[in-house]
Amino acid sequence: MNASLQLADAAATERLAAALADAQPPGAVVYLHGDLGAGKSTLARAWLRRLGVTGTVRSPTYTLVERYPLGAGGEALHLDLYRIGDPGELEYLGLDDAAAALWLVEWPQRGAGALPPADLEVALALAGTGRAAALTPRSARGRAWLAACRLSEVEGLS
Ligand SMILES: Nc1ncnc2c1ncn2[C@@H]1O[C@H](COP(=O)(O)OP(=O)(O)OP(=O)(O)O)[C@@H](O)[C@H]1O
Ligand SMILES: [Mg+2]
């Protein structure tokens, strides 16, 4: 089951992040699609905050990856592959699939073949002054996850 949502403002994007984080299975792999400025980093930042990350959440535009230890154990990985030259560069980042409690990947198509397969794909697009979000599960646990998500309050009344 796919889901489509209208996100009227950045606060709605943040509510979507919280709803997804609250039902997230351990080790979830999320691909974040959307043009420049679509709201991928806004979603990732709010998601990490929901998981208890309190320090600065930097955009991994130049570092390709930022890593966040989680209180619950493991670490969250936030990747932005916009500036990667070749998917092979991912090998040099020393990312450990097994230890990652979460993968949030912006511009995943640029890492094709070198990333773990997605459980969930989130596509964001400009829609008027807001954004449209399309959620597509890509694994059995991704489907269970989406079914368990409380998305009803994400769009809000605005
Ligand atoms: N639902 C929304 N409605 C309106 N503005 C939004 C919404 N969600 C996020 N924004 C705003 O869009 C702007 C760009 O967001 P963001 O930096 O997250 O985009 P991005 O997809 O990560 O872009 P890039 O590919 O350049 O990294 C921010 O100013 C953010 O507040
Ligand atoms: Mg970004």
Side-chain angles (χ1 to χ4, degrees), residues 1-24 28-70 75-90 92-95 97 100-138 142 145-146 149-158:
M1 181 201 70
N2 298 11
S4 298
L5 296 163
Q6 295 302 319
L7 308 172
D9 50 26
T13 303
E14 291 167 1
R15 287 196 295 275
L16 172 60
L20 291 170
D22 286 352
Q24 177 202 308
V29 179
V30 183
Y31 290 179
L32 302 174
H33 297 284
D35 288 338
L36 293 169
K40 304 178 295 296
S41 293
T42 303
L43 187 86
R45 191 173 296 113
W47 193 315
L48 292 164
R49 291 259 179 265
R50 187 70 164 195
L51 295 181
V53 172
T54 52
T56 312
V57 173
R58 289 192 181 76
S59 181
T61 308
Y62 295 99
T63 54
L64 298 183
V65 63
E66 295 287 338
R67 315 162 73 129
Y68 300 93
L70 299 177
E75 61 178 5
L77 305 177
H78 178 199
L79 289 83
D80 180 342
L81 303 182
Y82 187 70
R83 289 190 155 73
I84 202 170
D86 179 284
E89 284 177 36
L90 275 172
Y92 300 104
L93 298 178
L95 304 176
D97 301 32
L102 172 66
W103 294 71
L104 294 172
V105 188
E106 301 184 40
W107 299 98
Q109 62 274 35
R110 302 196 178 194
L115 288 169
D119 293 299
L120 180 68
E121 298 202 70
V122 179
L124 298 167
L126 302 193
T129 57
R131 306 289 186 267
L135 311 180
T136 308
R138 295 293 185 196
W145 176 11
L146 197 53
C149 269
R150 290 175 55 102
L151 297 176
S152 55
E153 282 150 34
V154 166
E155 291 181 322
L157 303 172
S158 46

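In this chain, numbering begins with 1 at the start of the sequence shown. Small disclaimer: the values here were computed from a predicted structure and weren't measured. Counting starts at 1 for both ligands and their atoms, following the listed order.
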Enumerate the atoms of ligand 1 whose separation from the nearest heavy atom of [X] is less than 4.0 angstrom.
| X | answer |
| --- | --- |
| L7 | 1 (N), 2 (C), 3 (N) |
| E106 | 22 (O), 27 (O) |
| D35 | 21 (O) |
| K40 | 18 (O), 19 (O), 20 (P), 21 (O), 22 (O), 23 (O), 24 (P), 25 (O) |

Can you pull out the closest protein heavy atom to [atom]? Residue, atom name and distance to 0.1 Å, please.
| atom | result |
| --- | --- |
| atom 31 (O) of ligand 1 | A10 CB, 3.7 Å |
| atom 17 (O) of ligand 1 | S41 CB, 4.0 Å |
| atom 10 (N) of ligand 1 | R131 NH2, 3.7 Å |
| atom 9 (C) of ligand 1 | T42 OG1, 3.7 Å |
| atom 8 (N) of ligand 1 | T13 OG1, 2.8 Å |

Could you pull out the closest heavy-atom pair between [X] and [Y], with the gap in Å?
| X | Y | answer |
| --- | --- | --- |
| P117 | Y31 | CA-OH, 3.8 Å |
| K40 | D35 | NZ-O, 3.0 Å |
| P108 | L32 | CD-O, 3.5 Å |
| L151 | A3 | CD1-CB, 4.0 Å |
| R150 | A19 | O-CB, 3.4 Å |
| Q109 | H33 | OE1-ND1, 3.8 Å |

Review point. Of L43, V30, D80, which meets side-chain contact (heavy atoms from CB on, under 4.5 Å) against L104?
Key: V30
Practice item. Indicate yes or no: does an N/O atom of G39 lie under 3.5 Å from an N/O atom of ligand 1? Key: yes
Point to revise | G37, any N or O under 3.5 Å of ligand 1 N or O | key: yes
May I ask whether [X] places a heavy atom under 4.0 Å from ligand 1?
| X | value |
| --- | --- |
| A8 | yes |
| A12 | no |
| W107 | yes |
| A38 | yes |

Practice item. List the steps, then state whether side chain to side chain contact (heavy atoms under 4.5 Å, CB included) holds for L77 with L93. Key: CA-CA 11 Å; L77 305 177; L93 298 178; over 6 Å; no
**Study point:** Evaluation steps, side chain to side chain contact (heavy atoms under 4.5 Å, CB included), between Y62 and R83
**Key:** CA-CA 7 Å; Y62 295 99; R83 289 190 155 73; 3.5 Å; yes
Practice item. Answer whether the closest heavy-atom distance between the side chains of L95 and R67 falls below 4.5 Å. Key: yes
Exercise for review: Would you mind reporting whether W107 and L36 have side-chain heavy atoms less than 4.5 Å apart?
Suggested key: yes
Study note, to complete from the structure: For OE1 in E106 and OG in S41, the angle at the Mg ion (ligand 2) (nearest 10°) is 90°
Check your understanding: Quick check: are there more than 12 heavy atoms from other residues, nucleotides or ligands sitting under 6.0 Å from CG of N2?
Key -> yes
Review point. Considering L124, D9, L36, L16, which one's heavy-atom position lies nearest to atom 26 (O) of ligand 1?
Key: L36
Review point. For ligand 1, which part of T129 has a heavy atom less than 4.0 Å away: the side chain, the backbone, both, or neither?
Key: backbone
**Study point:** Heavy-atom protein neighbour under 4.0 angstrom from atom 29 (O) of ligand 1
**Key:** no
